[in-house]
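No hydrogens, no waters, no symmetry mates; every other heavy atom, side chains included, goes into these values. Quick caveat: nothing in here was measured; it's all calculated off a predicted structure.
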Amino acid sequence: MLRADDQRVPGLIETGWRITARSWAAQLDADRADRAALRRFVERVAPIVVGELGDVDLPAVLALDAATVTDYPGSVATQHEALTRSSAALSPTRRGFGAWTPSGDLVGTTYVDVDVDVDTVETSFTVVARDHRGRGVGTALKAASVLALLDEHVVRFRTGGSDDNPAIITAGAAVGYVRDEEWVTLER
Ligand SMILES: CC(C)(COP(=O)(O)OP(=O)(O)OC[C@H]1O[C@@H](n2cnc3c(N)ncnc32)[C@H](O)[C@@H]1OP(=O)(O)O)[C@@H](O)C(=O)NCCC(=O)NCCS
């Protein structure tokens with residue numbers, strides 16, 4: 001994987017490597033976040049409720065992950081490893097947010113990793129149950145995570161994804177992330 005503007009890319013392509021996937025990273029600076037718009041993204045999915053996960057939710061998170069683990073587009077750069085009890089565990093630096101139906105079913109989640117040394121939050125993954133996609137839940141999850149962490153004085157939020165994933169590109173842009181890195185995956 002190389003940055004798309006890496007000077008080695010043309011030479012590699014000449015010698016038989018080819019680009020097999022493209023991916024990107026993006027940033028939202030806290031001082032540019034539009035809290036009112038973020039709140040609207042969360043409120044518009046009612047009666048689905050979005051909020052922070054607790055330990056009690058972990059069995060549902062693991063079940064949702066197991067049901068969706070093959071749904072992530074892209075290649076090695078944007079691979080999603082199946083969650084384990086350990087990687088699903090919540091802590092002050094690994095936070096999770098969920099979306100629940102009125103009957104209490106978890107239908108979406110996003111996990112973020114907090115780097116307190118640099119006041120930066122990096123999205124780990126976002127997923128919505130197949131039968132609830134395309135109704136704003138993914139955007140609401142991303143918005144809710146930003147809103148919660150803005151209140152904890154995070155300075156910058158980072159996220160990323162595959163160029164082959166229009167839903168997460170659109171959701172990130174709506175929340176205010178601006179693309180600042182382009183990557184290519186090359187294979188011989
Ligand atoms: C990516 C994902 C989380 C998005 O969740 P979602 O609830 O469907 O997203 P939203 O309904 O908030 O849609 C976000 C935007 O993408 C658009 N969109 C959704 N699916 C789309 C598709 N297949 N093609 C193009 N646009 C799409 C929506 O129209 C919406 O834009 P709009 O607000 O302008 O209408 C969900 O598709 C998913 O779980 N995918 C599998 C896991 C994954 O790829 N996760 C992301 C990488 S970590």
Side-chain angles (χ1 to χ4, degrees), residues 1 20-26 28 38-114 121-149 157-177 179 183 185 187:
M1 284 165 269
T20 55
R22 292 179 182 271
S23 52
W24 50 275
L28 167 60
L38 295 173
R39 274 193 289 272
R40 282 197 296 275
F41 286 131
V42 175
E43 286 161 6
R44 76 176 184 177
V45 298
I48 286 179
V49 172
V50 182
E52 187 150 9
L53 296 169
D55 291 341
V56 69
D57 301 307
L58 293 184
V61 169
L62 289 167
L64 175 62
D65 186 66
T68 52
V69 73
T70 56
D71 293 358
Y72 293 74
S75 170
V76 284
T78 51
Q79 212 165 29
H80 172 74
E81 300 265 326
L83 285 179
T84 62
R85 277 175 186 278
S86 160
S87 62
L90 301 163
S91 74
T93 57
R94 185 144 169 95
R95 309 274 291 270
F97 298 82
W100 292 267
T101 64
S103 51
D105 294 328
L106 183 76
V107 293
T109 183
T110 190
Y111 267 60
V112 300
D113 294 308
V114 183
V121 165
E122 175 92 38
T123 304
S124 175
F125 69 94
T126 305
V127 72
V128 172
R130 284 178 198 159
D131 56 354
H132 282 78
R133 290 181 192 158
R135 297 186 215 160
V137 176
T139 308
L141 283 161
K142 289 183 84 75
S145 69
V146 170
L147 272 172
L149 294 160
F157 297 86
R158 293 200 59 81
T159 194
S162 161
D163 247 11
D164 297 322
N165 197 344
I168 207 68
I169 293 171
T170 311
V175 168
Y177 287 93
R179 277 165 81 140
W183 291 81
T185 301
E187 287 176 41

- Message: Would you say that R22 contacts W24 through its side chain, given a criterion of any heavy-atom pair below 4.5 Å between the two side chains?
- Response: no
- Query: Side chains of Y177 and T123: closer than 4.5 Å at any heavy-atom pair?
  - Reply: yes
- State, to 0.1 Å, how close G96 and L90 come at their nearest heavy-atom pair, and which atoms those are. N-CD2, 3.5 Å
- Query: What's the shortest heavy-atom distance between L83 and D65, and which atoms?
  - Reply: N-OD2, 2.7 Å
- Is the backbone N or O of L147 less than 3.5 Å from a side-chain atom of R39, with the two atoms forming a donor-acceptor pair by type? no
- Item | Atom pair OG1 (T139) and CZ (R44), whose distance is rounded to the nearest 0.5 Å | 5.5 Å
- Item | Any donor-acceptor pair under 3.5 Å from Y111 side chain to A88 backbone | yes
- Message: Could you check whether atom CD of E81 has more than 12 heavy atoms from other residues, nucleotides or ligands sitting under 6.0 Å from it?
- Response: no
- Step by step, would you call N165 with Y72 a side-chain contact (heavy atoms from CB on, under 4.5 Å)? CA-CA 8 Å; N165 197 344; Y72 293 74; 5.9 Å; no
- Item | Candidate pair R85 and L58, rule side-chain contact (heavy atoms from CB on, under 4.5 Å), full reasoning | CA-CA 8 Å; R85 277 175 186 278; L58 293 184; over 6 Å; no
- Are any non-hydrogen side-chain atoms of L38 and V175 less than 4.5 angstrom apart? yes
- Note on the structure: When every non-hydrogen atom of F125 is compared with those of R94, the smallest separation belongs to CE2-NH2, 4.2 Å
- Which atoms form the tightest heavy-atom contact between I169 and D163, and what is the distance? CD1-O, 3.9 Å
- Item | 4.5 Å side-chain heavy-atom contact, V128 and R135 | no
- Run the numbers on D71 and H80 for side-chain hydrogen bond (donor to acceptor under 3.5 Å, both in side chains), then give the verdict. CA-CA 9 Å; D71 293 358; H80 172 74; over 6 Å; no
- Of all heavy-atom pairs between G74 and S162, which one has the smallest distance, and what is that distance? CA-OG, 3.5 Å
- S124 (side chain) donor-acceptor with V112 (main chain) under 3.5 angstrom: no
- Item | Note, R133 side chain near V127 side chain (heavy atom, < 4.5 Å) | yes
- Message: Quick check for you: to the nearest 0.5 Å, what is the distance between L53 atom CG and W100 atom CH2?
- Response: 5.0 Å
- Query: Taking C-beta and beyond as the side chain, do H132 and T101 meet within less than 4.5 Å on heavy atoms?
  - Reply: yes
- Item | From R130 atom CZ to L64 atom CG, the distance as rounded to the nearest 0.5 Å | 10.0 Å
- Taking all heavy atoms of L106 and all of G98, pick out the closest pair and write down the distance. CD1-CA, 3.8 Å
